[in-house]
Amino acid sequence: MTTATEHIDRKSLYTSLEARIDYLHRFLDFDDRDLEALRFGSKFVQDLIPAVVHVVYRKLLQFDVTARAFEVRDTRSEEPLKNIIDEDSPELQERKIFLNSYLKKICSDQSQPAFWEYLDKVGAMHVGLHRSKPLRVEYIHISATLCLIQHVLTESILSHNALPMSKRIAMVKALSKVIWIQNDLFAKWYVRDGDEFTGGPAAFRSIGEAAAPKSEVALGEGDKLVCPFSGMKVSG
């Protein structure tokens with residue numbers, strides 16, 4: 001059986017948030033079943049928020065590179081931490097309030113365009129945009145934090161024996177799709193894909209920085225692209 005190939009306008013994926021979200025929804029089969037699962041699990045997920053916030057910020061304080069986001073608001077900084085940041089620090093309390101509000105928003109109406117616009121704005125806020133005091137968090141820390149949030153939610157939902165397993169699986173699948181779309185809406189502010197349409201990622205363009213020169217990523221004459229795993233031996 002042959003399936004017809006649907007055309008997707010590549011430019012629209014980088015210039016229209018609506019087109020990008022529509023494509024991701026269809027690729028991931030994010031549909032009414034997911035919306036129903038998210039509505040069903042909303043109260044339970046909201047009850048988990050304090051625990052998720054605690055786990056996330058305990059992890060972020062474990063490393064100086066992520067803790068710098070609370071003191072100098074930029075994980076690219078090489079400055080040593082001047083103060084001991086703990087869970088009672090004003091900087092951390094401010095960020096906890098934001099994460100608490102963010103996770104509650106995740107439980108709101110995902111059928112509305114405003115929901116996905118909010119997730120996109122969250123991505124922009126982490127490359128120095130939409131804030132009176134710019135915040136710059138490198139993408140490696142963003143993706144790791146989203147993974148941590150997903151793990152905590154998944155484990156809590158799947159271990160909640162009072163819910164039918166079918167409901168738990170549906171909730172985990174739906175939340176995973178939302179989190180991975182959020183991951184994409186972070187990545188779009190960092191990566192170079194589609195920069196011929198956008199002028200380059202905002203991570204290089206915001207707060208007065210010039211775009212990183214093309215020479216940083218272009219191969220020089222005679223250079224060869226080598227797989228970083230090419231020297232690894234396969235066991236077994």
Side-chain angles (χ1 to χ4, degrees), residues 3 17-63 66 69 86-88 92-126 137 139-189:
T3 303
L17 179 63
E18 181 182 2
R20 191 182 188 104
I21 294 300
D22 179 67
Y23 167 72
L24 291 170
H25 281 187
R26 288 190 287 151
F27 191 98
L28 298 173
D29 294 323
F30 185 85
D31 53 27
D32 289 343
R33 292 169 298 178
D34 295 300
L35 293 173
E36 174 57 33
L38 291 166
R39 280 194 293 268
F40 174 83
S42 176
K43 176 64 169 60
F44 175 71
V45 173
Q46 290 192 55
D47 289 343
L48 293 174
I49 288 176
V52 174
V53 171
H54 174 73
V55 169
V56 167
Y57 282 100
R58 184 177 59 186
K59 178 63 69 174
L60 293 176
L61 289 179
Q62 188 175 336
F63 308 99
T66 44
D86 56 36
E87 296 199 26
D88 296 320
L92 202 66
Q93 292 303 313
E94 176 188 347
R95 299 305 301 160
K96 280 187 172 184
I97 291 171
F98 173 80
L99 181 58
N100 192 288
S101 299
Y102 168 78
L103 292 172
K104 286 182 178 178
K105 185 71 174 180
I106 290 290
C107 299
S108 66
D109 189 356
Q110 300 87 0
S111 67
Q112 298 301 312
F115 175 82
W116 306 102
E117 291 167 2
Y118 171 79
L119 296 195
D120 186 50
K121 185 176 181 180
V122 169
M125 288 166 60
H126 286 76
V137 180
Y139 181 65
I140 183 174
H141 316 302
I142 295 292
S143 58
T145 300
L146 286 175
C147 180
L148 180 61
I149 291 172
Q150 183 175 2
H151 284 179
V152 174
L153 290 174
T154 298
E155 183 177 14
S156 299
I157 292 169
L158 291 179
S159 61
H160 192 59
N161 294 325
L163 295 176
M165 180 56 74
S166 60
K167 292 290 188 183
R168 284 179 265 172
I169 292 173
M171 287 167 60
V172 166
K173 287 175 63 177
L175 272 171
S176 296
K177 292 176 185 181
V178 171
I179 290 172
W180 276 93
I181 293 174
Q182 172 68 95
N183 186 50
D184 174 74
L185 295 178
F186 271 113
K188 71 185 282 280
W189 295 98

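Between S101 and K104 there is no side-chain heavy-atom pair separated by less than 4.5 Å. Between L103 and L48 the shortest side-chain heavy-atom distance does not fall below 4.5 Å. Contact annotation: the side chain of I21 never approaches that of F115 to less than 4.5 Å [non-hydrogen atoms, C-beta and beyond].
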What side-chain donor-acceptor pairs closer than 3.5 Å can you find for residues 34-45, not counting sequence neighbours?
| from | atom 1 | to | atom 2 | distance (Å) |
| --- | --- | --- | --- | --- |
| D34 | OD1 | K177 | NZ | 3.4 |
| D34 | OD2 | D31 | N | 3.0 |
| D34 | OD2 | K177 | NZ | 3.1 |
| E36 | OE1 | R39 | NH2 | 3.3 |
| S42 | OG | Q46 | NE2 | 3.2 |
| S42 | OG | C107 | O | 3.3 |
| K43 | NZ | D47 | OD1 | 3.2 |
| K43 | NZ | D47 | OD2 | 3.1 |

Using a 3.5 Å cut-off and no angle test, enumerate the donor-acceptor pairs between side-chain atoms of residues 51-60 and protein atoms at least two apart in sequence or in another chain.
| from | atom 1 | to | atom 2 | distance (Å) |
| --- | --- | --- | --- | --- |
| H54 | ND1 | E87 | OE1 | 3.4 |
| Y57 | OH | R95 | O | 2.9 |
| K59 | NZ | Q62 | OE1 | 3.3 |

Scan the side chains in residues 144-151 for donor-acceptor partners under 3.5 Å anywhere in the protein, sequence neighbours excluded, and list what turns up.
| from | atom 1 | to | atom 2 | distance (Å) |
| --- | --- | --- | --- | --- |
| T145 | OG1 | H141 | O | 2.8 |
| Q150 | OE1 | W180 | NE1 | 3.3 |
| Q150 | NE2 | S176 | OG | 3.0 |

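R20 has no carboxylate O lying under 4.0 Å from a charged side-chain N of D120, or vice versa, which leaves the two without a salt bridge.
Shown here are the side chain to side chain contact (heavy atoms under 4.5 Å, CB included) partners of E117, two or more places apart in sequence or in another chain: L17, P113, A114. With sequence neighbours excluded, no residue forms a salt bridge (Lys or Arg N to Asp or Glu O under 4.0 Å) with R168. With sequence neighbours excluded, the residues satisfying ring pair (Phe, Tyr, Trp, His ring centres under 6.0 Å) with Y139 are Y190. Take Y118 and apply the ring pair (Phe, Tyr, Trp, His ring centres under 6.0 Å) test, not counting sequence neighbours, and it matches no residue. In terms of the side chain to side chain donor-acceptor pair (under 3.5 Å) criterion, residue partners of S111 (sequence neighbours excluded) are, by chain and number, D109. Evaluation of the ring pair (Phe, Tyr, Trp, His ring centres under 6.0 Å) rule for F27 yields Y23 as partners, not counting sequence neighbours.
Identified under the salt bridge (Lys or Arg N to Asp or Glu O under 4.0 Å) test for residues 144-165, with sequence neighbours left out: none.
Taking each heavy atom of W116 and H25 in turn, the nearest pair found is CZ2-NE2, 3.2 Å.
Judged by distance alone, with hydrogens and angles left aside, the side-chain atoms of H126 form a donor-acceptor pair with the main-chain N or O of V122 at under 3.5 Å.
In this structure, OG1 in T154 is found 12.0 Å from CD1 in I169, a value given to the nearest 0.5 Å. The OH atom of Y102 sits 3.5 Å away from the CD atom of Q182 when rounded to the nearest 0.5 Å. If you take CD1 on I179 and CG on L119, they are separated by 10.5 Å, rounding to the nearest 0.5 Å. We find the CG-CE distance between L158 and M165 to be 6.5 Å, quoted to the nearest 0.5 Å.
Crowding of R33 atom CZ: a count of heavy atoms from other residues, nucleotides or ligands under 6.0 Å not exceeding 12. A 6.0 Å sphere centred on NZ of K173 holds no more than 12 heavy atoms belonging to other residues, nucleotides or ligands.
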